[in-house]
Structures are given as structure tokens and as C-alpha cells.
Amino acid sequence: MSDIADRYDPAATEARWYPVWEERGYFAADPKAAKKPFSIVMPPPNVTGSLHLGHALDNTLQDILIRTKRMDGFNALWVPGTDHASIAVHVLLDRQLATEGTTRHALGRDAFLERAWQWKEQSGGTITRQLRLLGSSCDWGRERFTMDAGLSRAVREAFVRLWDEGLIYRDDYIVNWCPRCQTVLADLEVEREERDAEFVYIKYGPLTLGTVRPETKLGDTGLAVHPRDKRYTPYVGQTLTIPSVHGEIQIRVVADEAVDPDFGTGVIKVTPGHDPTDFEIGKRHGLPVRTVIGFDGKMTDLAGPYAGMDRFECRKRIVEDMQAQGLVDRIEPYRHAVGVCYRCKTVVEPLVSKQWWVRTKPLADVAIKAVREGRIKIIPRAWSKTYYHWMENIRDWCISRQLWWGHRIPAWYCETDGSVHVSRTDLTACPTCGGPVKQDPDVLDTWFSSGLWPCSTLGWPDQTDDLKTFYPTSVLVTGYDILFFWVARMAMLGLKFMDDVPFRDVYIHTLVRDAEGQKMSKSKGNVVDPLGVMERFGTDAFRFTLATLSVPGVRDVRISDDRIESYRNFANKLWNAARFALSNLDGYDARRAAKVAPSLADRWIESRFDAAVRAVRDSLRRYRFNDAAAALYEFTWRELCDWYVEMAKLPLYKPASPDERLRAQHTLVTVLEGTLRLLHPFMPFITEELWQRLPKTKAPESIMIAAYPKARRKAQDASAERDMGTVVDLVTAIRAIRGEMRISPAATLGVTVRPAPEHAALLGDQQRMVEALARATLTVDPAATRPPGSALAVAGGTEAYVDLAGVVDVAAERARLEKEIRKAAETIAFLEGKLGRPEFVEKAPAEVVERERERLGTERRLRDKLTASLSWIADGRG
RNA sequence: GGGCGGAUAGCUCAGUCGGGAGAGCGCAGCCCUUACAAGGCUGAGGUCGCAGGUUCGAUCCCUGCUCCGCCUACCA
């Protein structure tokens, strides 16, 4: 025992094993292996990122799956990697450059990119190092980055094919523009924030209307009312001449369904240049676009006297000016949601510009069908509804970004004839006229490349062995927050280019919150750092905690130190169970031991282990990580440690024969060994450490590549479980008396047992075991009578009289019995009521009725025994 | 506006064939019993958000309501 510490030390163990696994190549998959493939691509974290709880959860679940499958004999591949996070890198470098007093535009494109790469080389590896600390068994030899040469080729191939099929186009449209990032954003990249605003009612000649953006008044090219709004029918079609802050303007009134007649005055101003709805209205009615706010967020020359003014400053000024001219009817406070940039939280400005778009409808139709037909299974199923809803209402996807870090759009413009050419290879001259060309300056949305991730990481567009073997991937594990951003787009692009789904299952997991249920954010300062947690409690405990929190369908979970601590204790429990086994192995001989007949305890724990195997496998198959973890916890602690280890002490410490001891050693070692394998995907480090120390025959050199336990029908032993149940009941009943009578655990109790006929043989056989577990001296006698000064324990039909002579407390025993009788009486009343209703007896299934009858009988017998005991005391025999 | 999730022990949460509800932590009592005090044994604690309905029987299924959270949307 001297060579194994009495507490588990996670740090040393974790540092020892990961490098061993990686160096021995256990993580690497071989596409040529003659095993059934099982593959996962890791949702690529941002290259700018460091490990947060979301990553930790996501990767723990994937690691559990991949380790299980690997142990189970599958050709298991887990592809890791990172994405280039275009906007995030820009935000980060912009900030850096600002501290140096410069900007990216001053630096120039090439120098900026050089700097970005430099940054990526230096800091981009942070998260992958942290994933190793978590124990992630991914195939690092296949690590990919979205801007790798191969993946960049995939992006270009995808772009060209979509262009050739007319699924990519370039058009003027109103887009979400971030004036700070100086780029367009996709609809999904705009977040909503509730803000207080002023709802300004402006007089437009005979009409009055409310707006929260008075500054866009300068860009108005129309007014609109609802077609069936009788109040305004006379004005529809008219062009009004009305006074405004910059003189009189001509403005046309149109009728459009988009107007809500019940909101405000029922009239809206139409500003096609600065509002998506107005843009659509303008299109329908031929109203011109008038851009009064520029890409820099400042008023343009068209804003006349306000030109050059910041848009928010202009809002204030224009209201003041209008008030001075009597054009403001009234101002009301108003709370509404404004769109902000998801990266920098700047208020987005809708602006008209020419961008590249993906025509999503045809792609989405196929992706919807794949889920409807079950070729992609979303788990939990409820999420497929959300998926359908979004996919069915999908809008075209703006994929160009006015940024530099990313995949540059493979389109060239001829400076001579103005033609556009999309090409797989870089162009130096116009293919039609030979004139000079210029490449489009913009890059593609990062999600465009991550949308190709499942195929591009496996080698697409080449038909590689990896692609043939591992595509479609088996399961995608991710949080619901990127269901649209990523999952939906992978489904569309994967089906488009591979003509097959990118993954068969999608497991959507929870998001992790802090102990107060708050979303974690740096500004709130409530970010739980997984590395800190791992350091304090151990990585295995952390992983196990995450697994227990993973209930399919639950949206958010909270993580707290208390919870992690309890699983650290679990790891320690396991450690000490192994320590117990290891310190009792002198003289152990596996081959001889295997020939000895198992005891009741041996048969019982083997049967229970088998049940645990079935529960864990079944739960994992259904992605019920919490259930799998609970089954492991319950088996290991409640059954193996609390009962089997305690029972094994008898044959180990005081064997009736050498064989008995040998057999206990054998069961202890083999069940523990199996438990470690069953636990390994959840707690890889501690299980490896302990497994290495256990004696084994014909085992591989690491638990990682050992077989995952299989359920064995012949291990199931109903009679052992029933008999153990009786022993446990009796022991527990005796202990309860000890506990409630406040008798020291150190004292040995004298107990007379009068077994029920069906328990006689068993209790004769297990007498020493009951004595050991209950710390008692037993007299088993079917004809026993109750000794004076004793308390009664009941286990089924068996009675046990606990000798309390000397320590007897009549009042306490009476109180205890009265409480028990009360409980029994309540149950009896309930069951009698239930069984007394003819409807129940007639309509309920026969086995339910039978079960309730049996319960009633049992409870009645118990009550009778307790009542007899009480009167026995009252007679003064206590 | 539409959609989704949640409401169960003091706290955090499980409970997927509808048959008197469980865990962890916390709490109380007795214990350093030779694996483990990061532990052992015992115990207290719940009208399963509210109101109806279906059913012999509802935490579970249906309807409505209240409160919390999230997603989504062209009410400016």
C-alpha cells in the first residue's frame, strides 16, 4: 500500500498519460483499417479563442463518444481544427493597431495579412493545447485550419461550382453594415438589443407620422399607408409638397401591405436607402434610393446642411431644427430593439451596396428533405422543428465581407470591358479580351468555409481515402446557438457537393451558465475558467460533471463548484477502492481463483456490473450522457464500494478457506477492472492510472485500446440479486436501530434472528456476512423467542431482535415503533382505498392490481409485527 | 407578433411505456470501524407553478392561466 497515495492526485496523472497516448498513436485513425468507421469532426473553435465551458462540454461529449467507439472496435476518427474567425481577428488586430496609433488601412493589405498570420502562428495554438489538457483524443495528425491550402482550395471549388450553377450572384441590396468593422454582416450576425429611444412624431404636410430615426428623414423618398386604411385613401397616389428642415420636398404617397394601420398614426416614411422594409416597399413602388448616411456612419453630401455629421449627432440636431420650425407634433418615449454587430456591438446601419449572395432556397429544400426523411437525425428531436422553421423561411445569404483576413473572393473584373470572371485559378488577364484584371477585394464569410468543414477536412474536392471512409461523419456534437450559423449551412453545402449528408446524427447539447443562471460574459466577470476548474478538482471530475449535466432537451445548465467537488470526491472514491483491492492482493493467482465457485456476493456484484454495462451502453446509444454518468456513479459508489467492498473484507481478512480469499480477490480485481474500462471514456486519466496497476491477463498496453465492456447474459443472476436484497434489508434494518438508538458504531450488537422459512437457508449461509456488515453477533434460530430488552427489526418475513439490554431506552424504542407503525398505517390506508374501488380492480391491468395486493399484504404483516412489538414493550418485557 | 424551453426537497437538478417521486449539495444525530473524514452509518425534509379536463388512477397526457428564460420577426 505504500506505493499508492491515499488521495488521488489528478495533476500528476494527467501530465503522465496524455503524451503517452498521443505518442503511441492511439488517436490516429487509418482509412484502410478493416473496421467499421465511426467519425466526428470537431466544431472548429475560433483560432482567437481559448477554452471556455462551451468548448469543454462540447469536446468532453465528443471524447466520450469517440473513446467508447474506439474501445468498442470501431475505426474511430475525430478530426480537430480551428477556423480563421475573420471578424474576430480583425477586431483583435484593430485594437492592437490602435494602441500603436495606426490602422489596418494605413498598414495596407499585405502587411496586415502578414501580421495576422504571425499572430495566428504565435497565439493560434492556445485552444488546441487546452483541448489536449481536457484529454481530447482527437487525431492531431489530421488537424486542420480553415485557411490551410487544402481547405482554401475547397472554398474556391465550392464558390466556382455554385457560381456556375447560378447559386451565387452579385447584386445591390440593402445589407447590415457595421460602421466600426467596416464590413457587411449577414442577418444572423446582427444581434438585437433593447434600448430606450424617442418616438418622434413629425408633420409631413397634412399627415403626421412617428419614427425613431428622424435623421433618415433626409433620405425619404415616399410615404406609405395601408391600402385598406380609409383615413388616408385620398392621399394614395398623390405627390405632396411639404415643408422640411432643408426646404420644401416633393414626396409620393403609396399604399403597401407592410404598413400596420394600428401602429402609430398608420403612416410611415419610406427611406429605401436605410431600412430593409422601406427598401422592399421602395422596390415595389419604384421609389428611388437616397443614401444620406455613409459607410463611415456619417451623413453624406445628400444630407445638405448635416453632411459630415455623425448619424446620432444628426438625429439630435435634426429634431431640434424641426422643433424650431414647428414640424414636430410630439415626442414619446419608446423602447425597441436595435440591431448591433455581434462582434463589436456597434449599431448596425442598413445600407444599399453591391454584395455577393448565395441563393439559399434550392439548397435549403434539399437540406430540409434530408431531415424529414431521417437521413439526418437531430437529437433531441424537438430541435428539428426549429431547424425546419428557419430553413423554410431562409433568406439569401450574404457571403462577402469587406475584410482582408479570410478567403478572397475568386472573382476578377476586367478593367477594359468590365466583365466578371470567377475562376479556380488566379487570373492575370481577362479571358475574353485579354485586358488587365483586378480581383474582388472582399473576402468570404467565415461560415462559408466552416460550412464545408466535414468534407474539406477529409480532403474534398479530392476523392481521398479519408473522404471515402469517413464521410458522412457519424455524429455532429454542438450547441444550439450555432444550429443556423453552422449546422444548417453544413447540411446545405454537404448535400450539394457530396450528394450525401455531412453527418447522420446531430446531437444538440445545452449551453453552460454560471451558478446564478447568468450567461457568462467577460463584462459580467462571471466567466468560469475550465482550466482553473481542472486544476482545482481534476480534469476527470470536471468531465464527469459535464456529462452529468448533459440532459438532452435541457436548454441551459448551471455549473457550480459544489457539484464539481462531489465528482472529485467520486474520483477519490474510485481511487481508494482500487487502493483497497491492490493492498489485498498478496498471494493472488488469477488462474487458480477463476476455478473457485463464486460466493453470493461475487455473483451479485457480477450481476450488478452487467446491469451497469447495459445501462451505460443504452444511455450512450441515446446520447443520454447524464443517465450513463448516473449509472456509473451509482454502480461504483453504491454497489461496488458501499456493499461489495465491505462484503469482500470478510473473505479477505478472515477467510474460512484460502480459496474463499482467492475468489474474493478475483472478483474484486475483475469487476474493478471492468468498471475502469466502463468509466474510461468519461474519466480517461484516473482509469488509465489505476488500470495500469491492476493485475491483468492478456491485456493490451493501455486501457484506451482495451475492449469496452459488453453485457453478458450469463452474468445476470436474479437469484443472487434477490438473496442479496434480503441480506441488505436485514443489515439495513439492524443498522437503522443502531442509528436511531444512538448506539456507537463501534459497539457490537447482539442479535437474535428468526428467519422466515424462505430465508432460513440463506441466512444460515450468510450469517457471518450479516454479522460483519451489521457489526453484530447473530443467533439464527427459526424457533427463537424475543429476548427481554430488545428492539425489533423486520426484513420481509424475517424478524431480528436487537439486544439492547443495558442500553435499552424504552421510550426511544416506543417512539421509533410508533413512527414505523404510523408509516405502515398510512400506506395500508392508501392501498386499501385503492383496492377498495371496484373500478380499479376491474380496469387496471392485472399485474398492477396483483402488485398492489402484495404490497398491502407486506405492509399489513409489517404493521402487525411492529404493533406486537409495541405491546410487548408495554407489557414491561422491554 | 410567432415559436421554443423551464417551474419537483432549503439550493442545483434527474424522473421517455400514466400505478404514493429520486440524486448531489446543505441540514440533524452517531462515528477517525485497518480503502477513502474528499469518508461511514442513520435520519429529517416535497399539496411535483395555478385552474380545469381525460382516466379506475395524472409530476407525467389535453386545454387555459401565471411567472422566468431563450430564439425568431419588415410595428417604423
Side-chain angles (χ1 to χ4, degrees), chain A residues 1 4 6-8 192 199 209-213 216 224 257-265 267-271 275-281 334 336-337 382-383 385-386 389-390 393 480-481 483-484 511 513 515 517 519 537 541 548-549 551-563 565-584 622 624 626-627 630 633-634 641-642 645-646 649 653 732 735-747 774-775 826-827 830-831 834 837-845 847-849 851-852 855:
Chain A
M1 204 196 291
I4 178 163
D6 63 355
R7 280 188 187 191
Y8 171 52
R192 300 280 169 174
F199 202 55
L209 60 85
T211 178
V212 289
R213 299 203 61 193
T216 62
E257 297 277 350
V259 183
D260 178 358
D262 299 324
F263 187 83
T265 59
V267 183
I268 63 165
K269 57 200 233 21
V270 184
T271 319
D275 185 283
T277 309
D278 293 5
F279 183 80
E280 296 291 344
I281 295 172
Y334 188 64
H336 69 146
W383 283 111
K385 206 170 166 181
T386 310
H389 183 258
W390 190 74
N393 296 290
Y480 61 80
D481 52 335
L483 183 62
F484 307 139
L511 298 186
R513 315 236 162 195
K519 209 168 184 168
F537 300 108
T548 64
L549 295 172
V551 182
V554 168
R555 289 296 180 90
D556 308 302
V557 296
R558 303 173 183 209
I559 192 155
S560 67
D561 283 2
D562 280 356
R563 185 130 184 182
E565 193 179 349
S566 73
Y567 295 114
R568 175 202 59 179
N569 296 351
F570 176 60
N572 193 52
K573 189 75 181 176
L574 180 68
W575 180 264
N576 274 290
R579 188 163 154 258
F580 170 76
L582 290 169
S583 59
N584 284 290
R622 298 186 296 146
R624 297 194 59 93
N626 64 314
D627 285 346
Y633 184 96
E634 289 299 312
C641 291
D642 284 353
V645 165
E646 291 308 316
K649 285 176 180 173
Y653 291 159
T732 304
R735 282 175 178 171
I737 288 174
R738 181 197 295 276
E740 294 187 32
M741 293 300 174
R742 311 272 192 272
I743 300 167
S744 159
R775 194 164 267 242
E826 276 169 19
T827 309
F830 164 73
L831 290 170
K834 193 171 192 174
R837 281 197 310 278
E839 305 95 315
F840 172 70
V841 181
E842 283 159 22
K843 295 189 180 172
E847 69 260 27
V848 172
V849 177
R851 190 169 67 228
E852 299 296 58
R855 277 182 60 199

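Chain identifiers are assigned alphabetically (A, B, ...) following the order of the sequence lines, protein sequences preceding nucleic acid strands; residue numbering begins at 1 within each chain. Only a predicted model underlies this, so the values are computations on that prediction, with no experimental measurement involved.
- The two residues A/Thr265 and A/Gly210 come nearest to each other via the heavy atoms OG1-N, 4.4 Å.
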Could you list, one pair per line, each protein nitrogen or oxygen that sits under 3.5 Å from a nitrogen or oxygen of nucleotides 73-76 of chain B, together with the distance?
residue: B/rC74; atom: OP1; partner: A/Arg395; partner atom: NH2; Å: 2.7
residue: B/rC74; atom: O4'; partner: A/Thr277; partner atom: OG1; Å: 3.1
residue: B/rC74; atom: O2'; partner: A/Thr277; partner atom: OG1; Å: 2.6
residue: B/rC75; atom: O2; partner: A/Asp260; partner atom: OD2; Å: 2.8
residue: B/rA76; atom: OP2; partner: A/Tyr334; partner atom: OH; Å: 2.5
residue: B/rA76; atom: N6; partner: A/Asp260; partner atom: O; Å: 2.8
residue: B/rA76; atom: N6; partner: A/Phe263; partner atom: O; Å: 3.0
residue: B/rA76; atom: N1; partner: A/Asp260; partner atom: N; Å: 3.2

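- Remark: the separation of the C1' atoms in B/rG24 and B/rC61 is 30 Å, to the nearest Å.
- Summarising the geometry, the separation between CG on A/Asn584 and C1' on B/rU34 is reported as 10 Å, rounded to the nearest angstrom.
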Tabulate atom names and distances for all N/O pairs under 3.5 angstrom spanning the protein and nucleotides 56-62 of chain B.
residue: B/rC56; atom: OP1; partner: A/Lys843; partner atom: NZ; Å: 2.6
residue: B/rC56; atom: O2'; partner: A/Arg837; partner atom: NE; Å: 3.4

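- Note: CZ (A/Phe580) to P (B/rU33) measures 16 Å, nearest angstrom.
- Two residues are said to be in side-chain contact when any heavy atoms from C-beta on lie closer than 4.5 Å; A/Asp275 and A/Thr216 fail this criterion.
- We find the CD1-CG distance between A/Ile4 and A/Leu582 to be 5.5 Å, quoted to the nearest 0.5 Å.
- Spacing between atom CG of A/Leu549 and atom P of B/rU12 amounts to 14 Å, rounded to whole angstrom units.
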Polar pairs (N or O, both sides) under 3.5 Å between protein and nucleotides 41-49 of chain B?
none

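- A/Phe570 comes within 4.0 angstrom of no nucleic acid atom, judged by non-hydrogen atoms across all strands.
- Comparing the C1' positions of B/rC71 and B/rA28 gives an interatomic distance of 45 Å, to the nearest angstrom.
- At whole-Å resolution of the value, CZ in A/Arg579 and C1' in B/rU34 are 10 Å apart.
- For A/Phe537 and A/Tyr567, the gap between ring centers reaches or exceeds 6.0 Å.
- A/Asn572 has no side-chain polar atom (N or O) that falls below the 4.0 Å cut-off from OP1 or OP2 of B/rG39.
- A residue-by-residue look at A/Phe484 and A/Cys641 shows that A/Cys641 has its nearest nucleotide of RNA chain B further toward the 5' end.
- For the C1' atoms, the distance from B/rG29 to B/rG18 is 39 Å, rounded to whole Å.
- Taking atom C1' on both B/rG52 and B/rG15, the two are 25 Å apart, rounded to the nearest angstrom.
- Scored by the side-chain hydrogen bond (donor to acceptor under 3.5 Å, both in side chains) test, A/Glu646 finds A/Lys649 as partners (sequence neighbours excluded).
- For B/rC67 and B/rC27, the C1' atoms lie 29 Å apart once the distance is rounded to whole Å.
- One atom, CG of A/Asp556, and another, C1' of B/rC71, lie 11 Å apart when rounded to the nearest Å.
- One finds a side-chain N or O of A/Arg7 lying less than 4.0 angstrom from the OP1 or OP2 phosphate oxygen of B/rA38.
- In terms of heavy-atom proximity, A/Asn572 sits nearest to A/Arg7 at OD1-CA, 3.5 Å.
- At the heavy-atom level, A/Ser566 lies under 4.0 Å from the strands shown only through sugar-phosphate atoms.
- Here the shortest heavy-atom pairing between A/Val551 and A/Thr548 reads CG2-O, 4.4 Å.
- For the C1' atom pair drawn from B/rC17 and B/rG39, the interatomic distance equals 39 Å after rounding to whole Å.
- Here the shortest heavy-atom pairing between A/Thr271 and A/Lys269 reads OG1-NZ, 2.9 Å.
- When the salt bridge (Lys or Arg N to Asp or Glu O under 4.0 Å) test is applied to A/Arg563, no partner is found at least two apart in sequence or on another chain.
- Applying the 4.0 Å criterion to OP1 and OP2 of B/rU33, one finds that A/Lys649 has every side-chain N and O outside that range.
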Q: Represent RNA chain B in dot-bracket notation, 5' to 3'. Only Watson-Crick or G-U wobble pairs with both distances under 3.5 Å count; pseudoknot-style crossings use [ ] and interstrand partners use |.
A: (((((((..((((.....[..)))).(((((.......))))).....(((((..]....))))))))))))....

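- With B/rC70, B/rU12, B/rG3 as the choices, the nucleotide that has an atom nearest any side-chain atom of A/Arg563 turns out to be B/rU12.
- Taking atom CE of A/Met741 as the reference point, atom P of B/rC31 lies 16 Å away to the nearest angstrom.
- Residues A/Leu574 and A/Cys641 have side chains not in contact (no heavy-atom distance under 4.5 Å, counting atoms from C-beta outward).
- Residues A/Phe840 and A/Glu852 approach most closely at CZ-CG, 4.1 Å, considering heavy atoms.
- The CG-C1' distance, from A/Leu574 to B/rG39, rounds to 15 Å in whole Å.
- Using a 4.0 Å heavy-atom criterion, one finds that A/Asp562 contacts the sugar-phosphate atoms exclusively.
- Straight-line distance between the C1' atoms of B/rA38 and B/rC32: roughly 14 Å, to the nearest whole Å.
- Ring pair A/Tyr334/A/Phe263 is perpendicular by interplanar angle, where above 60° counts as perpendicular and below 30° as parallel.
- Within 4.0 Å (heavy atoms only), A/Glu565 reaches no atom of the nucleic acid at all.
- Here the straight-line distance linking atom CG of A/Leu209 with atom CD1 of A/Ile268 works out to 8.5 Å at 0.5 Å rounding.
- A distance of about 15 Å separates the C1' atoms of B/rG43 and B/rG26, rounded to the whole Å.
- For the atom pair CG of A/Asp627 and CD of A/Glu634, the computed distance is 11.5 Å after rounding to the nearest 0.5 Å.
- Across the protein-nucleic acid pair, A/Asn626 atom CG and B/rG15 atom P stand 6 Å apart, rounded to whole Å.
- Shown here for A/His336 and A/Val212, the closest heavy-atom pair between the two residues is CE1-CG2, 3.5 Å.
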